[in-house]
Every structure is written in C-alpha cells, then in structure tokens.
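What follows is a short report on a single structure.
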Number of protein chains: 2
Amino acid sequence: MTVQSDPFGDMQSLDNQICFALYVANRAVTARYRPLLVDLGLTYPQYLVMLVLWEQARSGRLTRVSDLGARLRLDSGTLTPMLKRLADRGLVIRQRNLDDERVVTVALTKAGHDLREQAGQIPGRLLRGIGVEPGRLVALRDELRRVLGALEQQVGASD
Amino acid sequence: MTVQSDPFGDMQSLDNQICFALYVANRAVTARYRPLLVDLGLTYPQYLVMLVLWEQARSGRLTRVSDLGARLRLDSGTLTPMLKRLADRGLVIRQRNLDDERVVTVALTKAGHDLREQAGQIPGRLLRGIGVEPGRLVALRDELRRVLGALEQQVGASD
DNA sequence: CACATTTATATTGTGCACAATTCAGTTAAA
DNA sequence: TTTAACTGAATTGTGCACAATATAAATGTG
C-alpha cells in the first residue's frame with residue numbers, strides 16, 4: 001500500500017525513509033524525556049550537558065566549553081546561551097581560565113552536583129516508558145553508531 | 001575503556017546511549033542534506049513539506065495544514081511560519097477553504113512543482129555521500145520504525 | 001619586538017520545535 | 001436560536017541549532 005516507484009524525490013526513497021524516521025524518532029524520544037525532565041527544570045539538551053559535567057566531575061578534570069562542544073557536537077553559538085541559562089538556574093558556574101583567558105571552564109555548583117541524584121531515576125523510567133525490548137534498543141544503538149561513525153569519519157568526500 | 005558502572009544517570013546507560021545517538025545522528029544527517037538543499041533554497045524541514053506536497057499532488061488530493069502536521073508530526077506553531085516562508089518564495093499557495101473557513105489548504109505553485117525535478121537528484125547524492133551499505137541503512141530504518149511504532153502507539157502509559 | 005595567524009568563545013540573525021493561548025468558524029444542545 | 005462545546009489554524013514566547021561574523025587572547029615569524 002505504501003509501495004511507490006517514482007523516479008523523483010518522494011517520501012518512499014530509502015534516504016527519505018531513513019532520514020525522516022530519524023527526524024521523527026528523535027523528536028518522539030525527546031518528547032518522552034520532557035515530562036521526566038521538567039521535574040529537574042531541564043530541557044533535553046541541558047540534560048545532556050549535565051550528564052557530561054557529572055561524568056567529568058568524577059574524573060576530576062575541568063570541563064571547557066570546547067569539551068562540551070566536542071562531546072555533544074555543538075558549537076559555542078548553541079552552548080554559550082545554554083550554559084548561561086544553566087548558570088542563571090544556579091547549576092553551573094562559568095569562569096574564564098586565568099592561564100588562558102580565551103578559555104571558559106564550566107563547573108558544577110553544589111546544586112548542580114545534587115541534581116544528579118534525581119536524574120538517576122530518569123534512564124529507568126524512560127526505558128520502561130518506551131516499552132521496547134532491550135535487545136531491540138541495543139540493535140538500534142549499534143546501527144546508529146555504525147552510520148554515525150561513517151558520517152563523522154568523512155570530511156566532505158561527497159560527489 | 002568506555003565501560004562504566006555508575007548507578008546514576010551517566011552517558012553510558014542504555015537510554016542515554018540510544019537517545020544521544022539519535023540526537024547526534026539526526027543532526028549529522030540533516031547537516032548532510034544542507035549543502036544539497038541550498039541549491040533548492042530549502043531547509044530540511046521545508047524539504048519534507050515539499051516531499052509530502054509532491055506526493056499528494058500525484059494523488060490529486062488537496063493538502064491541508066493538518067494533513068502536513070499528521071504526516072510530519074508537527075503542529076501549526078511550526079507549520080504556519082514555515083508555510084508562509086515557502087509561500088514567500090513562491091513555492092506554495094495557502095488559502096482558506098471556502099466550505100470550512102477554519103481550514104487552510106496548501107497547494108503547489110508551478111515553481112513548486114518544477115522544483116521537484118531538481119530534488120530528484122538528492123536521494124542518490126545523499127546515499128552516495130553517506131557511504132554506508134544499503135543493507136545497513138535498511139536495518140537502521142527498520143529498527144527506527146519498530147521503536148517509533150512502539151512510541152506512537154502508546155498514549156501516555158508511562159510510570 | 002611588531003605583525004600576521006590561529007584559537008576559543010561570544011554575538012547576531014534565521015529557522016525550526018513546541019507549550020500555551022487566542023480566535024474564528026463549525027457543530028451540537030437546550 | 002441562543003449558547004455551549006469543539007475544531008483548525010494562528011499567535012506568542014522560550015529554547016535550541018547553526019551559519020556568519022566579531023572579539024580577544026595566544027602563538028608564531030621575521
């Protein structure tokens with residue numbers, strides 16, 4: 001019923017099917033996080049930043065804006081205002097590095113650290129809410145990583 | 001080296017791995033479309049709207065804003081300004097339905113129809129650029145659909 | 001040292017997403 | 001038929017993403 005054979009760009013071509021599925025799935029999953037994250041006063045991208053900061057805190061290393069950017073694949077145009085909002089909420093502190101004043105380091109406040117306990121419930125609640133077998137999710141994760149790996153390896157070797 | 005065993009929310013829990021991978025992969029793929037779409041003067045969401053309109057045009061049915069919303073899972077808060085931009089570029093015409101003035105139908109202009117020919121090259125160019133075996137992509141598509149199906153079936157039966 | 005280049009972040013502007021609200025128009029009920 | 005409830009789209013406001021540009025600081029070169 002959904003089979004098509006149009007030579008031109010239609011929603012049935014493989015690339016469209018995949019990219020559209022990615023587009024919709026990403027928003028659907030983010031929407032699943034939303035009600036869980038409002039309790040913490042976080043958006044999903046903010047939650048990702050906090051995850052990185054919590055992880056880094058355990059390793060004892062200072063986190064720079066560029067570290068967050070490398071990890072989350074976001075640039076300063078996205079991160080700077082986001083981090084300012086997190087700072088406004090008292091979860092992080094942004095400060096210029098004394099050695100190299102171009103660098104801004106991002107550190108957790110006590111409130112930022114403490115939030116981690118509440119956040120601990122989220123993964124379980126989300127997985128339960130999705131209602132998909134873990135095996136399927138692992139398969140999805142692996143397929144995503146494979147494609148992502150291929151995408152990030154190349155520079156711009158298209159055409 | 002990336003194995004962790006933290007009981008609290010960290011980037012290594014399965015849900016974070018999957019959702020983060022989705023988040024990054026979606027942006028990476030959209031970034032791949034961008035240089036191909038600038039030739040058409042479209043963003044990726046605009047391209048999706050055009051794909052639906054091209055498809056609908058072949059079936060002869062009129063497309064309402066709510067049809068686009070149902071297909072793309074977007075609400076009027078996103079679609080209305082997007083469609084206005086497409087109308088400004090002369091690709092679509094928005095008009096109130098005479099029978100039911102609450103409804104707005106979206107129709108392609110000649111320029112909108114004609115753009116389809118150029119768009120026809122995009123799927124192939126994108127797939128070639130990704131450099132991943134079609135088999136893998138099909139697997140990814142199917143896994144995405146499975147999870148998406150599970151997500152969209154439920155209402156809010158979480159907790 | 002002076003000067004060009006590079007690096008790290010910030011700023012500006014555009015375009016999604018989405019919650020919440022509004023509003024016109026339709027339908028249903030009293 | 002007046003009113004109440006509902007529907008479909010538009011509006012408003014917030015928060016990402018990202019391109020392009022700007023700024024300041026560090027680094028390299030002659």
Side-chain angles (χ1 to χ4, degrees), chain A residues 19-20 22-35 37-38 40-50 62-70 72-89 94-106 156, chain B residues 19-20 22-35 37-38 41-50 62-70 72-89 92 94-106 156:
Chain A
C19 300
F20 178 62
L22 258 177
Y23 170 74
V24 175
N26 178 48
R27 286 187 296 125
V29 166
T30 304
R32 286 306 177 113
Y33 272 104
R34 208 165 291 127
L37 289 174
V38 285
L40 316 190
L42 295 176
T43 64
Y44 181 65
Q46 289 170 3
Y47 172 65
L48 291 178
V49 167
M50 295 302 287
L62 289 179
T63 307
R64 301 158 24 139
V65 172
S66 57
D67 295 331
L68 292 170
L72 304 177
R73 274 74 166 178
L74 293 172
D75 66 9
S76 68
T78 300
L79 286 172
T80 297
M82 234 175 96
L83 292 169
K84 284 182 177 175
R85 280 186 284 273
L86 290 176
D88 287 346
R89 289 181 196 174
R94 295 166 355 104
Q95 51 187 353
R96 293 256 160 216
N97 191 317
L98 294 180
D99 298 344
D100 186 339
E101 295 232 359
R102 293 170 306 180
V103 174
V104 170
T105 55
V106 182
Chain B
C19 301
F20 178 62
L22 259 176
Y23 170 75
V24 175
N26 178 49
R27 287 186 296 126
V29 166
T30 305
R32 286 304 178 114
Y33 272 105
R34 207 165 292 127
L37 289 174
V38 285
L42 295 177
T43 64
Y44 181 65
Q46 289 170 3
Y47 172 65
L48 291 178
V49 167
M50 295 302 287
L62 288 180
T63 306
R64 303 159 23 140
V65 172
S66 56
D67 295 332
L68 291 170
L72 304 177
R73 276 71 166 178
L74 293 172
D75 66 10
S76 67
T78 300
L79 286 172
T80 297
M82 233 174 97
L83 292 170
K84 284 183 176 174
R85 280 186 283 273
L86 290 175
D88 288 346
R89 290 183 197 172
V92 307
R94 295 165 353 105
Q95 52 188 354
R96 294 247 161 226
N97 192 317
L98 294 180
D99 298 344
D100 185 340
E101 296 231 358
R102 294 169 303 180
V103 174
V104 170
T105 55
V106 182

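None of these values were measured; they are calculated from a predicted model. Proteins come first, then strands; the chains are lettered A, B, ... in the order of their sequence lines, and each starts at number 1.
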Euclidean distance, T30(B) OG1 relative to R27(B) CZ, rounded to 0.5 Å: 9.0 Å
Residue list, side-chain hydrogen bond (donor to acceptor under 3.5 Å, both in side chains) with R94(B), at least two apart or on another chain: none
side-chain hydrogen bond (donor to acceptor under 3.5 Å, both in side chains) partners for N97(A), two or more places apart: none
Check: D67(B) side chain, A70(B) main-chain N or O, donor-acceptor pair, under 3.5 Å: no
Residue whose closest nucleotide on DNA chain C lies nearer the 5' end, R89(B) versus V103(A): V103(A)
Partner residues of R73(B) under the side-chain hydrogen bond (donor to acceptor under 3.5 Å, both in side chains) criterion, sequence neighbours left out: E152(B)
Nucleotides bounding contact with chain B, strand DNA chain C, heavy-atom threshold 4.0 Å: dG15(C) to dT26(C)
Closest-nucleotide 5' rank along DNA chain C - winner of R94(A) and Y23(A): R94(A)
Where protein sits on nucleotides 19-27 of chain D, one letter per nucleotide: B base, S sugar-phosphate only, - none, heavy atoms under 4.0 Å: S-----BS-
Reported CG-to-CE distance for the pair L68(A) and M82(A), which is rounded to 0.5 angstrom: 8.5 Å
Interface with DNA chain D, restricted to residues 79-88 of chain B and to heavy atoms under 4.0 Å: T80(B), K84(B)
Whether Y44(B) and Y23(A) hold their rings parallel, tilted or perpendicular, with breakpoints at 30° and 60°: perpendicular
Atom of C19(A), atom of V29(B) and distance for their closest heavy-atom approach: SG-CG1, 3.1 Å
Shortest non-hydrogen contact between L79(A) and L74(A), atoms and distance: CD1-O, 3.8 Å
